[in-house]
A.B. asks: 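Structure incoming, see below.
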Amino acid sequence: VSLQGVSRRQLLWSLGGGLGGIALAQLLGDDGLLGSERALNANGSGLHHPARARRVIQLFMNGGMSQMDTFDYKPLLERHHGRPFNPGTRERVEAVTSTPGNVLGNPFPFRRHGQSGRWVSSVFPHLARYVDEMAFLMSVASKTNVHGPASYMMNTGFMLPGFPCLGAWLSYGLGNLSDNLPTFVVLPDPRGTPYNNLGNFSSGFLPVQHAGTVLRLSSPNSIASLYPPRSATHITPQSETEGLALLREMNRAHLERTPGDSRLESRIASYELAARMQVSAPEALDLAGETEATRRLYGLGQAPTDAFAKSCLTARRLIERGVRFVQVWSGAGGPTGNWDNHTSIVRELPPKAAQVDQPTAALLQDLKQRGLMKDTLVVFSTEFGRQPFSQGSEGRDHNGGTSVAWLAGAGIKGGTAYGASDEWGWRAVDPLYCYDLHATVLHLLGIDHERLTYRHNGTNRRLTDVHGHVIHDILA
Amino acid sequence: MRRWFALSLLFLSAAACARLDAGAQNAAEPWWSLRPVVKPALPPADKRFPDWSASPIDRFVLRQMLAKGLEPAPPADRTTLIRRVYFDLIGLPPTPEDIDGFLKDPSPDAYEKIVDRLLAGPRFGERWARHWMDVIHFAETHGHDQDVPRDHAWPYRDYLIRSFNTDKPYGRFVLEQIAGDVLFPDDPTVIPALGFLAAGPWDESSLRDIREDTFDRKAAQYLDRDDMIGTVSYAFLSTTVQCARCHDHKFDPIAQEEYYGLQAVFAGVDRANRPFDPDPQVHARRLRLVEQRSTLMSNSHAAAKLIDDAAVAAWEKSQGTNIWKVLDPDVFTSAGGAAPVKLADGSIRFGGKRPDKDSYTIEAASDLPVITAVRLEVQSDETLPHGGPGRQDNGNLHLSEFKVEAAASGKRRPLALARAFADFNQAGWEIDKAIDGKLLTAWGIYPEVGKTHVAVFVLKEPLKTAAGQRLIFTLQQQHGGGHLIGRPRLSATGEDPTSTIRPLPAKVKEIVAKPAAQRSEAEKLELARHILLSRVEAELATLPPPQLVYAAAHDFKPEGSFAPTKGCRPIHMLRRGDIKRPGAAATPGALACVPGLEATFKLSRPDDEGERRAALARWISRPNNPLTWRSVANRLWHHHFGRGIVSTPSDFGRMGAKPTHPELLDWLAATLLEEGGSLKKLHRRIVTSAAYRQASRHHAEYAKIDADNSYLWRMNRSRLDAETLRDAVLQISGKLDLTMGGPSVKHFVEGPGIHRTPKVDYLAFDPDSPGAHRRSVYRFVFRTVPDPFMDALDCPDASQFTAVRSSSMTALQALALLNDPFMVRMSEHFAKRVAASGNLEMQVRQAYRLALGREPTEREGAALVSYATRHGTANACRLLLNCNEFVFVP
């Protein structure tokens, strides 16, 4: 239930405006709120300080990508391979789904790459070419070793369901860049949604309109209810055009009888936005216009890259058209077919890496070529890392102790790395958490993470709870 | 970079959290919400506003309004009023007949009659149960990565509807939901109330699947109790107790102790399917039998008093008759490739290759005229590891599913099994798991290896055997790891199996083998105990199977390593919330900040978890707990007016809003207490007030003074919430199905998922499916895969406590109302319904009356007729269901 009266703010939010617009508009006493909000962001200003980035693409590796087999080179593991794991600290060694086995050396060759000389294993040959664009976070820890709570944590900052995720906070804080498309879009793996399903994209206690809009690229109805069901033959383009005109007339007449409630106007406007979205969304999702070179670059239409290539290319098209935040997922929930390589790192990791390697590298190159990299931030992350000791003969169990993430694009100092894990890749030496990653992302978007708050049940809630430090060392 | 939290820091502290009692204990004036509720004196009547003097509510509202320079709006017209009160009290619009009746009723209490009728009807509880479900984040799946449906959560929803409809006194409502099982042990109908504590999410991976000995498991248990604390404190106390869970220098140490004191209250409960007998007589019988059983189990001396030697002798005689007939198998196969060999005693030894999993098929003819039960012996054998009876290295076996089919003259039919009993059950692997239809669960015997074990399966209906009757047994063993049966033997009986339902344990067999005179006293007692236990079991088996409710439970069937705790789990204060840094042991208690209430519990049996919950329930429901009574009074006000007197209904702390009408709130709370906690009486007082009956008209000058309408110079207009909108559409389309209660209706097509969470497809669901026309309170709410249609209408995240729903007007919402299959289908039904009204003008007129409760103007009618002529009535009806006048309650 809501109220009339306070509805200037309501009007803005309901139409997709964010805090930035409201704050500024109220400051200037400006009534053209949405316009000023957009101008504000176009000029690179942010909510609290000048923004370096206007939009974000996050690539999420679902299942817990092994750090020591990809970006975190640990020669010690090879030397101790097959011997009992003894890290020499007082902390008990445990694994959540198995009995800790012996040390498992990384099976893939590592090589230094780029000017920065980053170590990358052979599973990411394409990404290795872009290490000078990337800033690596080498010590991202989690507070749990279990997928569900860890995925919630990396997305919302809390281990429990019911909290707003990064994308929802951005939608709430910054609002939209386009009236014609949603502000926050999620592209799940075509095999299915990740652990926690849509819980990772929830708006939590924020107004529901800030939740992620999930686009199922493999489905003919990629956005729920964008069009009427096919069976409804009485609904035609003509019935809709005339119908919306008549609806507007009815609502206008009602508004005249019941003045002074801007929510009524807001609802009238929402139907006009809906009509525009019906045109914009299919255009944004249609890859037919992409050149053959681009298709090849991403690996579209080829095994094993096709699905992730489609998501990455769609993500680029969406941010080009004003979507603020696109989250692309690799891997669905469940025991296999994702980055959760319990059984065999040797057999399970390379095919998974091959699915994302080329499309991700292509996305970086494409954004750069189109000049989008200067105001688009790319984030590559996972929910936790994996253990330096074996599960069974050659698998690895979950490890909240450390993992690797990287950022590239707007405001990022490429070719850098921050933080480190111990010599085993077991624990972060000086752990970073989701809070620090989120604080840094918000910072680049012009938001002070300590000031983006929403009062809920007695607490001024933040994405970063009471934690978080902007990692200035990786900023350009 | 500075790091000021430990790696394994469990809880996510919220420094910004307000402590209700911060400084309040010492200050002269406690925080407003903690002051005792005192019924304030009524403001004098104001002669200028005669309609505003009868109800005490109006006097309070008017006084503050006038003080702000505002005056009330005129009363709403009758059409508006009836629409408002219908949506508000029952969540459905009035029918055209209801409206006509009201318009024509000349009696002065025409409105009050409607209010009384709505409060007395069954629709009322459905509407208000849904509000409560928001507050306590009730949904029917677990909400974490294993988002498993809870098939038995719904009895709690029915409990709520029943409670609101019968106007259960609020104090009793509180008691039942926290400790109904303890406080009202003779009333089984309160067991579903405990669904309250289990309403929130549950982390199956961390609490069931991962290793028991990990920090992650223990941390998850603390978080699970934290959710219960949140549910209780937000819902009943409007207090944010969860804020005190971490050490923080801003909070004093006692505050953290209080939080862990609440953790200790819930130290003995988990969330699980809890059996109960809705019939009080069955409940009483079961209670007696279970008590007998536990007495016998714990104290064999008790048996001596209950049975004499003659009875023992009689029992022995009956045992002497062997009722079992060993079957002689002629077909026996192993799907996994083991080599079966039949032995002289009729058993089959499965040797050779030991597959990971296996399924045995054993067939035998039977010449018994009737079969009532079958018996499976898993025999010990020296060729098996540790002597068996299993083939696993440790001698164990896991029987996933046991099936029997009857085959006669070429036709096979499965025989339903009513119950199963075994002489021994491995913890978490009980015999009933072999007949639960799930391959993931199984019967096991570890650590009782090296012995023969026996399981008896009772048929649901006796099988009258035909000539050439054959029995086909399937023994599925799908757990893996070679957990296979080594040497099974099968028997059947036509006798009443209840007398021998408990196969003789090895120890008892030895005793029986001795002549009576040679038995020691201890052996005699053991035998007597066995006989008595058999009788208890036999009688228990005659009771109807209990119902289940997903609820807080102290005792439940274990699932793997998720098992009931014995007594209470030890709760420690966690330094900085760090699971690896436990401090002092916590003692159960409540909050110290409420003046006049003792926060420390005096428990006669401090280790009894039920007593702990009962103490907290009593503490909350006491008439002098000001939080409890203000909280509920404010919640009612919130729903009636669209905003509470305190606009943060679950937070009466320093970070929450202050009451706009503090005296009115106290008057409401005090009146509620005086009237025995009757919510219906309070509802009636509120909706019959002049404040409620005002028009929602705009006033430019007043809007400048009080834009939020905090002082109620008019009624608030509110947008229909998701459930009300959906229910209204169903009613208007003539499709509303008013069936009450029972399992929830899934508005999606469910298929097998990748892992434990099923695949959920809302778009494939037919809006005319069976049950789909029932009210939305009976909708199955799937936590992590919400219904996009309901989502678009601001249905909140069901994992979060929601005291106030948001109310958006987005493009996605417009698309949902225009294009969702439900809306499209219902507008077709709506069109068919009005088709009988006559010509197109008449149809449009009837559609207006049904959807908007009024006749169209000439112009409106003409425009819609013209549209309907070109595009059909279904489209015209769809427009009516999309217009602002329908979506907003005046």
Side-chain angles (χ1 to χ4, degrees), chain A residues 1-6 14 94 96-97 143-148 158 161-162 192 195-199 202 204-205 207-209 221 224-229 232 234 239 243 246-247 250-251 254 259-260 264 266-267 270-271 273-274 277 332-335 430-431 457-460 465-466 469, chain B residues 1 7 12-18 143-145 147 201 205-206 210-211 214 216 240 642-643 650-651 653 655-656 698 707-709 716-719 754-755 763 784-785 788 794 797 799-800 806-811 814-816 819-821 824 863 867 871-872 874-875 879 882-885:
Chain A
V1 184
S2 86
L3 298 168
Q4 61 213 84
V6 260
S14 61
E94 63 179 37
V96 284
T97 73
K143 291 178 179 173
T144 165
N145 300 288
V146 184
H147 292 296
F158 292 80
Y195 302 108
N196 306 333
N197 298 308
L198 312 185
S202 171
F205 43 75
V208 185
Q209 76 238 43
N221 305 307
S225 298
L226 188 59
Y227 302 110
H234 60 287
S239 78
L246 179 55
L247 183 63
M250 289 158 76
N251 284 337
H254 175 254
L264 301 178
S266 174
R267 251 197 114 247
S270 73
Y271 279 80
L273 292 183
M277 197 178 281
D430 197 7
N457 285 348
T459 309
N460 274 335
D465 197 13
V466 296
H469 297 270
Chain B
M1 195 177 292
L7 168 76
L12 315 152
S13 96
C17 244
H144 280 258
D145 58 322
D147 199 7
S205 288
S206 300
I210 63 169
R211 290 173 60 101
T214 55
D216 289 294
T240 56
R643 197 175 63 182
S650 287
D651 177 23
M655 293 294 279
H698 183 58
D708 291 0
N709 190 30
N716 290 313
R717 180 182 293 120
S718 58
R719 205 209 69 200
I754 303 173
H755 203 184
L763 288 178
T784 67
V785 195
D794 301 290
D797 183 325
S799 295
Q800 189 54 259
S806 60
S807 173
S808 68
M809 287 107 211
T810 61
L815 289 169
N819 296 333
D820 185 89
V824 171
Y867 178 75
H871 301 294
N875 277 327
L879 286 192
N882 270 272
C883 69
N884 281 353
E885 191 176 343

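Convention: sequence-line order gives letters A, B, ...; per-chain numbering from 1. Computation of the quantities below employed the complete heavy-atom set of this structure, encompassing side-chain atoms and omitting hydrogens, waters and symmetry-equivalent molecules.
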A.B. asks: Which heavy atom in Ser806(B) sits nearest to a heavy atom in Pro207(A), and how many Å separate them?
C.D. replies: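 For Ser806(B) and Pro207(A), the tightest heavy-atom pair comes out as OG-CA, 3.6 Å.
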A.B. asks: The criterion is salt bridge (Lys or Arg N to Asp or Glu O under 4.0 Å); which residues satisfy it with Glu94(A), sequence neighbours excluded?
C.D. replies: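 Salt bridge (Lys or Arg N to Asp or Glu O under 4.0 Å) list for Glu94(A), sorted by chain: Arg92(A).
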A.B. asks: Need one label for Asp147(B): side chain, backbone, both or neither, based on atoms under 4.5 Å from any heavy atom in chain A.
C.D. replies: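 For Asp147(B), the side chain is the part near chain A, not the backbone.
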A.B. asks: Check for a donor-acceptor pair, side chain of Asp145(B) on one end and backbone N or O of Tyr195(A) on the other, with a separation under 3.5 Å.
C.D. replies: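 Absent.
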A.B. asks: Among the options Thr214(B), Ile210(B), Asn875(B), pick out the one with the most heavy-atom pairs lying under 4.5 Å from chain A.
C.D. replies: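 Among the listed options, the one with the most contacts to chain A is Asn875(B).
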A.B. asks: Counting only non-hydrogen atoms closer than 4.5 Å, does Leu763(B) touch chain A with its backbone (N, CA, C, O), its side chain (CB onward), both, or neither?
C.D. replies: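 Just the side chain, heavy atoms under 4.5 Å.
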A.B. asks: Could you report the tightest heavy-atom contact between Pro161(A) and Gly143(B), atom names first, then the distance?
C.D. replies: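 In this case the closest contact between Pro161(A) and Gly143(B) is CG-O, 3.6 Å.
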A.B. asks: Of all of Asp797(B), Val785(B), Asn819(B), Asn882(B), which one pairs up most often with chain A through heavy atoms under 4.5 Å apart?
C.D. replies: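 That would be Asn819(B).
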A.B. asks: Tell me, out of Ser205(B), Ala816(B), Ser206(B), who's got the most heavy-atom pairs with chain A below 4.5 Å.
C.D. replies: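 Ranked by contacts with chain A, first place is Ser206(B).
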A.B. asks: Under a 4.5 Å cut-off applied to non-hydrogen side-chain atoms, are Asn251(A) and Cys883(B) in contact?
C.D. replies: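 A side-chain contact under 4.5 Å exists here.
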A.B. asks: Top residue by heavy-atom pair count (under 4.5 Å) with chain B, among Leu246(A), Thr97(A), Thr144(A)?
C.D. replies: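 Option with the greatest count: Leu246(A).
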A.B. asks: Determine the option with the most heavy-atom pairs under 4.5 angstrom with chain A, choosing from Asp794(B), Leu815(B), Leu879(B), Asp820(B).
C.D. replies: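 Highest number of heavy-atom pairs under 4.5 Å: Leu815(B).
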A.B. asks: Report the option among Pro228(A), Gly199(A), Gly333(A), Gly148(A) that has the most heavy-atom pairs separated by less than 4.5 Å from atoms of chain B.
C.D. replies: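 Maximum pair count with chain B is reached by Pro228(A).
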A.B. asks: Less than 4.5 Å to any heavy atom of chain B: does that hold for the side chain of His254(A), its backbone, both, or neither?
C.D. replies: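 Just its side chain gets close to chain B.
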A.B. asks: Do Val146(A) and His144(B) have side chains that approach each other closer than 4.5 Å (heavy atoms only, starting at C-beta)?
C.D. replies: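 Sidechains of His144(B) and Val146(A): no contact.
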A.B. asks: What heavy-atom pair brings Arg719(B) and Ser808(B) nearest, and what distance separates the two atoms?
C.D. replies: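 For Arg719(B) and Ser808(B), the tightest heavy-atom pair comes out as NH1-O, 2.8 Å.
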